[in-house]
Each structure stands twice: as structure tokens, then as C-alpha cells.
Amino acid sequence: MKKIQKLVVFALLMLFGASAAAQITIPGTNVTFRLNNEDWRYLRTFKLDDGADVYLYYYVGRVLVDIEGDTVLPCLRIYVNEDYRGDVYELAYDRYMLQPFQSVDEYTHGPGLPKSGGIGYMGAYTNPLSQKDYQFFMTYFKSRGTAVEFRLETTKDTFEEMEFEFRDILGTLK
């Protein structure tokens, strides 16, 4: 039954990915968000070893080039774990241990957090393989027992170009 539910969610994500202005419900929750224009595309869903699913969207609105001359695809990554037993602070810590980052700002109220609450960050990290610097907005919350990490990310030197777009999407989380 759970496989059928995930297939239905996948089909809906594909359908709504083509219609970027539609409300999208995060699987396993009652939290919705809206991609603010048709410049966002659904890429795919990954199944992780811990039972979580990761839904990836990427931005194709215009070509972004970083300081090294590399083309950059800003992304939205939604980590969904329906079986997570901890609270949002434990989730934030557990996810931090997988990919440490520097917190530029931390907040518990405002855009990017659904009515149920949570914790949000503006953060930065350096990819150890490419040595490229990244900056992001990331929120953690739980809804209907499902833990979610909602993350909008791009390279540090293209972040300013994408910040309004990211904040606009965060503002639609309900």
C-alpha cells in the first residue's frame, strides 16, 4: 500500500512540476508550498537507506554562472522522513551531522516555517570535493508525524541573484 501511495505522490509531483504555480503538498504532511513561476522543474525522487525520500527541483529560469565560470543550477531539495521519531531540533542536528554547515542566521518564526512551527537557517558550507562555496535557506519541521527538511541552495556567489526567488518560495510554505 505504501508503494502505491508513493507512486501516486510521484505522479502528482510530476504533474504539478509542469505547472509551477500550483500548490504542492509535501508528501506525508499537510504542508503546502508553491513554486513561484515556471522557471522551476521537478527533477526526480531519491529513496534513501534510512527510509526517507528526497524530492529534487531545479531552477532553469536563466543561466547562472559562478565566479569560476561554471554553470550553476540552483535547487530545491525536500527531505521527507515519515518514520522519524525525534523532534525538529534532533532532526536539525542529525541532518547537520551528515553535512555540517555554518549558520549565518537562525529563526523559529517567519517565512519558510509552516504554521506548525519549526526551525530555519540561512547557512553556508564548502563542498569538500569541489571546494566550491554554497549558501542556502533551510527549514526543518514536522507535520502529521513526518519530518521535513526544505532546502533552497545555490553557490555562494550566485546566492544574491536567487535570494528573492528563494524568499518568495519560502513565503508560500503553509
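Please read all numbers here as calculations on a predicted model, not as lab measurements. Each residue takes its place number in the sequence, starting with 1.
Residues P114 and K174 are not in side-chain contact: their nearest non-hydrogen atoms beyond the backbone lie 4.5 Å or more apart. Considering only heavy atoms from C-beta on, R167 stays 4.5 Å or farther from I169 through its side chain. Proximity of V72 to V65: side-chain heavy atoms (C-beta onward) are nowhere separated by under 4.5 Å. In this structure the side chain of F150 reaches within 4.5 angstrom of the side chain of L170, judged on heavy atoms. Looking at heavy atoms from C-beta onward, V148 lies out of side-chain contact with V31 at the 4.5 angstrom threshold. Here the side chains of R144 and T29 are not in contact, with every heavy-atom distance at 4.5 Å or above. Side-chain atoms of I26 and L173, non-hydrogen and from C-beta on, do get closer than 4.5 Å to each other. Taking 4.5 Å as the limit, some side-chain heavy atom of Y57 sits within range of a side-chain heavy atom of I24.
One finds the CG atom of N81 at 9.0 Å from the CZ atom of R95 (value rounded to the nearest 0.5 Å). Here the CD1 atom belonging to I119 is positioned 9.5 Å from the CE atom belonging to M138, to the nearest 0.5 angstrom. Rounding to the nearest 0.5 Å places OG1 of T71 at 9.0 Å from CG of L64. We find the CD-CG distance between E165 and L35 to be 8.5 Å, quoted to the nearest 0.5 Å. In this structure, CZ in F164 is found 5.0 Å from CG in D168, a value given to the nearest 0.5 Å. Atom OG1 of T154 is separated from atom CD of E160 by 12.0 Å, given to the nearest 0.5 angstrom.
Note: the hydrophobic cluster containing F166 also contains V104 (ILVMFWY, side chain heavy atoms under 4.5 Å, direct or indirect links). The hydrophobic cluster containing V54 also contains M97, counting ILVMFWY residues as joined when their side-chain heavy atoms lie under 4.5 angstrom apart, directly or transitively. Placement of L56 and Y125 within a single hydrophobic cluster is found when ILVMFWY residues are connected by side-chain heavy-atom separations under 4.5 Å, directly or transitively.
The minimum heavy-atom distance linking L91 with A147 is given by the pair CD2-CB, 3.7 Å. For the pair S130 and N127, the tightest heavy-atom approach, listed with the atom from each and the gap, is N-OD1, 3.1 Å.
Within a 6.0 Å radius of CG in L48, more than 12 heavy atoms belonging to other residues, nucleotides or ligands are found.
Cation-pi geometry between R77 and Y79 is not met: the NZ or CZ atom fails to fall both under 6.0 Å from the ring centre and inside 45° of the normal.
Checked by atom type and distance alone, the side chain of S143 pairs as donor or acceptor with a backbone atom of N30 at under 3.5 Å. The closest donor-acceptor contact from the side chain of Q131 to the backbone of P128 lies under 3.5 Å. Here the side chain of T146 pairs a donor or acceptor atom with the backbone of G28 at under 3.5 angstrom.
Not a single salt bridge (charged side-chain N to carboxylate O under 4.0 Å, His left out) links E161 to another residue, sequence neighbours left out.
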* Applying side-chain contact (heavy atoms from CB on, under 4.5 Å), run through R44 and F46 and close with a yes or a no. => CA-CA 7 Å; R44 69 181 287 193; F46 293 94; 3.3 Å; yes
* To do: Output, in order, the C-alpha distance, side-chain angles, deciding distance and verdict of side-chain contact (heavy atoms from CB on, under 4.5 Å) for M122 and E163.
  => CA-CA 11 Å; M122 176 190 283; E163 187 171 359; 3.9 Å; yes
* To do: Please lay out, stage by stage, how F159 and F137 fare under the test ring pair (Phe, Tyr, Trp, His ring centres under 6.0 Å).
  => CA-CA 10 Å; F159 186 82; F137 285 110; 5.4 Å; yes
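Judged as a ring-ring contact (aromatic ring centres under 6.0 Å, His included), the pairs with a partner in residues 82-103 (not counting sequence neighbours) are, in order, Y96-F101, F101-Y121, F101-F136. The side chain to side chain donor-acceptor pair (under 3.5 Å) analysis of residues 132-141, with sequence neighbours excluded, yields the pairs D66-K132, E68-K132, D70-K132, T126-D133, Y140-E149.
In this structure, Y59 has its ring center closer than 6.0 angstrom to the ring center of W40.
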